[in-house]
Number of protein chains: 2
Amino acid sequence: MAQVLPYSSVEFPAAALAAQSLVTATDSERLAQTFKAMADPTRVRILHALALAELPVCELARLVQISESAVSHQLGLLRALRVVRRRKIGRHVLYALDDDHIRDLIDVGLAHLAHS
Amino acid sequence: MAQVLPYSSVEFPAAALAAQSLVTATDSERLAQTFKAMADPTRVRILHALALAELPVCELARLVQISESAVSHQLGLLRALRVVRRRKIGRHVLYALDDDHIRDLIDVGLAHLAHS
DNA sequence: TCAACACCTGAACAACTGCTCATATATTAG
DNA sequence: CTAATATATGAGCAGTTGTTCAGGTGTTGA
């Protein structure tokens, strides 16, 4: 599905090579979706907090300094993306990372922030 | 700037610990911005192509199957984020990755897509 | 010289985002 | 039981995004 049509360029042969190994449409969609989960400061903070500990909505709201409603909406989104999971404990709902990729991406991102 | 106010939770001591090492507001902004560069399928494809070779706008447009104008707009955005750099050769403008973090993040992302 | 090519850019527009507010349910402390 | 707490969710809204379209500049091949 990546490149059904043969691709060639007289001037830029590198383009033909790139065409061979370019990500498929499906993979670019999936990659973009994963990155989108972290493409917002609020979600970065939520996800980073969850990378440190399993936490209920109210604590996340206090940590990230945002309304519980806003946090709940973001968590709903992240849950739809299968990035976080939840379990109910009494009147709390504890959220945790459900995707180790996220933890890795945050780590890589933070590592780079450190020396740049 | 991360947590100016002391933070504590009786019920969830883990939250207090998380507060200690939670990303600062500035870092979460910067992280989100980096991820935002890859939070769109078109940009993923552009960046992945540029991770393989330095390419002009017209070739990128053919590779990702999108209008030259759209590519140019996206490249302008990526350049503003200092993710790509450009150099002019004749009537072509060659773009290349200007941020190794991006290459790494794509690699991590692709690696995870592979086994999931 | 000049038409074709390569690229850029602003306007416009629909689609999407991230928040607040109001309101709902469920659980528990008193 | 009742009030307070914890969470969820839909509507609404301002701001952002990604594209197309129309036009612009600069370069080059014939």
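Chain letters run A, B, ... following the sequence lines, proteins first, then strands; residues in each count from 1. Note that the structure is a prediction, hence the values are computed from the model and not measured. Every heavy atom of this structure was used, including side-chain atoms; hydrogens, water molecules and symmetry mates were not.
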Practice item. Test side chain to side chain contact (heavy atoms under 4.5 Å, CB included) on R86(B) and R79(B) and set out the steps. Key: CA-CA 8 Å; R86(B) 68 173 170 183; R79(B) 211 162 71 93; 2.7 Å; yes

Point to revise | For S28(A) against A25(A), the heavy-atom pair lying closest together | key: OG-O, 2.8 Å

Point to revise | Closest approach of A15(B) to E59(A) (non-hydrogen atoms, all atoms of both residues) | key: CB-OE1, 3.5 Å

Revision key, fill the gap. Heavy-atom nearest pair, L63(B) first then A49(B), reads CD1-CB, 4.3 Å

Point to revise | Phosphate contact (dC8(C) OP1 or OP2) by Y95(B) side-chain N/O below 4.0 Å | key: yes

Point to revise | ILVMFWY network linking L52(B) to V71(B), side-chain heavy atoms under 4.5 angstrom | key: no

Exercise for review: In whole angstrom, give the distance that lies between atom CD of E11(B) and atom C1' of dT7(D).
Suggested key: 14 Å

Point to revise | Atom pair distance, as rounded to whole Å: CG in L78(B) and P in dT9(C) | key: 14 Å

**Study point:** d(CG, L94(B); C1', dT27(D)) in whole Å
**Key:** 14 Å

Exercise for review: Report which part of the nucleic acid R86(B) touches: base, sugar-phosphate, or nothing (heavy-atom distance under 4.0 Å, all strands).
Suggested key: sugar-phosphate

Check your understanding: Parallel under 30°, tilted from 30 to 60°, perpendicular over 60°: which one fits the rings of H101(B) and H112(A)?
Key -> parallel

Check your understanding: To the side chain of V57(B), which of dA8(D), dC7(C), dA6(D) is closest?
Key -> dC7(C)

**Study point:** Protein-to-nucleotide contact annotation, 5' to 3' order, nucleotides 18-28 of chain C [B base; S sugar-phosphate only; - none; under 4.0 Å, heavy atom]
**Key:** SSBB----SSS

Practice item. Please state how far atom CD in Q33(A) lies from atom C1' in dT17(C), giving the value in whole angstrom units. Key: 15 Å

Revision key, fill the gap. By nearest-nucleotide position on DNA chain D, the 5'-leaning member of G76(A) and H92(A) is H92(A)

Check your understanding: Taking atom C1' of dT17(C) as reference, at what distance in whole Å does atom CG of L75(A) sit?
Key -> 16 Å

Practice item. Take atom CE of M38(A) and atom P of dT17(C), then tell me their distance rounded to the nearest Å. Key: 16 Å

Practice item. Could you state the atom-to-atom distance from CZ of F35(A) to P of dT17(C) in whole Å? Key: 17 Å

Review point. Rounded to whole angstrom units, what separation is found between the CD atom of E68(B) and the C1' atom of dC5(C)?
Key: 9 Å

Exercise for review: For the residue pair L97(B) and L47(B), establish whether any side-chain heavy-atom pair is separated by less than 4.5 Å.
Suggested key: yes

